Amino acid sequence: MTSPDRTDGLAARGFASDNQASVHPDVLAALAAVNDGHQPAYGADTVTARLRDVMRRHFGEHAEVFPVFNGTGANVVSLQAMSERWSAVVCPESAHINTDECGAAEKVAGLKLIPVPTPDGRLTPELLDRYATGFGNVQRAQPSAVSITQSTELGTVYTPQEIAAVAAAAHERGMLVHMDGARIANAAAALDLPMRAFTTDAGVDVLSFGGTKNGLLLGEAIVVLNPDAVRGMAFLRKTGMQLASKMRYLSAQLIALLDGDLWLRNARHANAMARRLAGAAGGMPGVEIVRPVEANTVFAVLPADVAERLRKRFAFYTWDERTGEVRWVCSFDLTEDDVDAFAAALAEELSG
Ligand SMILES: Cc1ncc(COP(=O)(O)O)c(C=O)c1O
């Protein structure tokens with residue numbers, strides 16, 4: 001049985017988060033490749049110029065890319081650039097901007113979030129209709145954008161048609177559409193579609209493109225798909241403390257991911273590992289897979305004592321303390337052996 005305690009002091013690969021994964025070797029190589037000579041700072045370098053072309057290949061000729069350090073920054077700066085001082089943003093209750101960004105959208109961007117309960121992390125036109133209200137009422141923060149996450153925090157994936165329907169409903173109300181794409185590559189892999197099909201072509205205005213979970217050292221990007229949707233993005237990135245001086249190192253990583261098919265290979269593999277895990281665990285008495293496994297995340301309910309013992313062997317989080325639901329995230333760098341070892345440990349703990 002594989003033990004998570006390695007002799008070199010490093011923990012074994014686990015299932016807590018794709019943020020705990022390693023950096024893909026091609027990304028490290030890309031960093032080394034641009035580590036020569038001096039380049040203009042703050043995005044005026046030749047590497048960032050290349051990234052602009054690469055992003056346009058993925059997202060269309062109007063796409064403007066703004067590399068940033070992290071996902072919270074991408075989300076907050078994007079939403080701020082899409083909003084007024086009196087704006088509100090409608091998002092699923094489970095949205096990372098609502099649950100896991102320490103209120104940054106409220107504090108830093110000064111926005112009111114309107115969290116919407118959803119069964120599966122997906123917003124719908126009907127929910128938007130119910131929660132985006134008070135237009136023109138001076139007593140109410142004005143709903144000016146919706147934020148959807150693809151793939152969602154609950155492991156589900158919107159179809160392009162579902163996104164187009166939400167976008168149409170938002171646009172009809174004069175609202176803009178933001179996508180938190182921290183795991184956008186996993187969604188593209190799941191749908192077997194180019195990212196453009198469910199972003200630019202579906203009416204998304206601004207995308208927070210996720211790189212870190214899919215193999216980068218650090219680095220995400222704001223991708224403005226509709227230039228008319230934002231104001232002052234370049235300035236807001238600076239005031240939001242997301243403007244990198246040595247930007248070529250962010251851009252080089254994003255190019256390593258996106259110029260070829262590394263983004264897709266990594267995401268396909270992560271999704272396949274999630275399916276493998278769900279297949280193995282789902283068949284075990286005492287384990288219930290409680291949400292559809294559409295991308296790289298598996299949610300399960302199992303006896304609390306089993307979860308506790310298993311966690312001593314492999315890292316993972318409890319998602320819901322109340323129900324005991326746990327979350328197993330599959331990263332791009334997991335191997336089939338890692339998944340099989342985890343499943344075997346689960347079976348062992350269940351039996352004794
Ligand atoms: C859905 C989602 N959005 C955004 C983020 C970005 O977070 P961070 O600011 O830690 O990069 C995360 C990270 O866990 C996430 O899961």
Side-chain angles (χ1 to χ4, degrees), residues 14-21 23 27 66-80 89 91-109 111 113 115-116 118 120-123 145-158 163 177-190 195 198-199 204 206-223 237 240-244 250 253-254 257 266-267 270-271 274 291 294-299 315-320 326-332:
F15 298 79
S17 169
D18 29 17
N19 284 329
Q20 299 196 3
V23 179
V27 173
F66 297 83
V68 294
F69 295 112
N70 59 37
T72 302
N75 288 340
V76 171
V77 173
S78 293
L79 291 171
Q80 197 171 19
V89 174
C91 63
E93 199 170 56
S94 51
H96 198 265
I97 55 169
N98 183 49
T99 59
D100 284 309
E101 297 186 1
C102 199
E106 286 99 335
K107 290 175 204 155
V108 180
L111 292 163
L113 295 183
V116 176
T118 71
D120 60 4
R122 279 182 284 220
L123 212 58
V146 300
S147 182
I148 57 177
T149 307
Q150 175 80 323
S151 54
T152 74
E153 291 81 355
L154 301 183
T156 49
V157 174
Y158 289 90
I163 291 176
V177 181
H178 167 255
M179 177 183 283
D180 178 343
R183 296 190 180 91
I184 188 173
N186 301 95
M195 291 182 283
F198 57 87
T199 54
V204 174
V206 182
L207 166 70
S208 297
F209 175 85
T212 310
K213 293 176 195 299
N214 201 26
L216 299 198
L217 189 158
L218 68 93
E220 315 273 299
I222 296 168
V223 189
R237 179 176 54 172
M241 295 162 281
Q242 291 287 326
L243 178 63
L250 288 182
Q253 293 179 70
L254 289 159
L257 203 61
N266 282 355
N271 291 2
R291 299 181 190 277
E294 296 179 356
N296 65 326
T297 310
V298 179
F299 292 87
F316 61 90
Y317 287 118
T318 297
W319 182 254
D320 186 335
V326 300
R327 186 188 74 161
W328 297 326
V329 184
C330 292
S331 308
F332 77 90

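When a ligand or atom number is given, it counts from 1 through the structure's own listing order. None of the values given here were measured: they were computed from a predicted structure.
Atoms of ligand 1 lying under 4.0 Å from any heavy atom of N70, numbered from 1 in the order shown and given with element: 9 (O), 11 (O). Remark: ligand 1 atoms within the under-4.0 Å shell around heavy atoms of N19 are 13 (C), 14 (O).
In terms of heavy atoms, Y158 sits closest to P92 at OH-CG, 4.4 Å. The two atoms that bring G121 and L154 nearest to each other are N-CD1, 3.5 Å, heavy atoms only. Minimum interatomic distance between E220 and N70 (heavy atoms only, all atoms of both residues): CG-C, 3.5 Å.
Under 4.0 angstrom from ligand 1, there are no non-hydrogen atoms of D100. Contacts between E101 and ligand 1, counted as non-hydrogen atom pairs separated by less than 4.0 Å, involve the side chain only. Using a 4.0 Å cut-off between heavy atoms, T72 contacts ligand 1 through both its backbone and its side chain.
Polar contact check, T149 against ligand 1: no nitrogen or oxygen pair lies under 3.5 Å apart. Here's the thing with A182: none of its N/O atoms is less than 3.5 angstrom from an N/O atom of ligand 1. No N or O atom of E153 sits closer than 3.5 Å to an N or O atom of ligand 1.
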| query | Yes or no on side-chain contact (heavy atoms from CB on, under 4.5 Å) for T199 and I184, after CA distance, side-chain angles and deciding distance? | reply | CA-CA 10 Å; T199 54; I184 188 173; 3.8 Å; yes
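Cation-pi check for R291 over F299 is met; the charged atom lies under 6.0 angstrom from the ring centroid and within 45 degrees of its normal.
Taking a 4.0 Å cut-off on heavy atoms, E220 fails to register as neighbouring ligand 1.
Protein heavy atom in closest approach to atom 6 (C) of ligand 1: G71 CA, 3.4 Å. Closest to atom 3 (N) of ligand 1, if we only count protein heavy atoms, is D180 OD2, 2.6 Å. When hydrogens are left out, the protein atom nearest atom 14 (O) of ligand 1 is K213 NZ, 2.5 Å; that is the closest non-hydrogen contact. When hydrogens are left out, the protein atom nearest atom 15 (C) of ligand 1 is H96 CD2, 3.2 Å; that is the closest non-hydrogen contact.
Proximity of F69 to L218: side-chain heavy atoms (C-beta onward) are separated by under 4.5 Å at one or more points. Side-chain contact between E101 and N75 is present, with heavy atoms from C-beta onward closer than 4.5 Å.
Rounded to the nearest 0.5 Å, atoms CG (L113) and CD (E106) are 4.0 Å apart. Expressed to the nearest 0.5 Å, how far CG of N296 lies from CG of N186 amounts to 4.0 Å.
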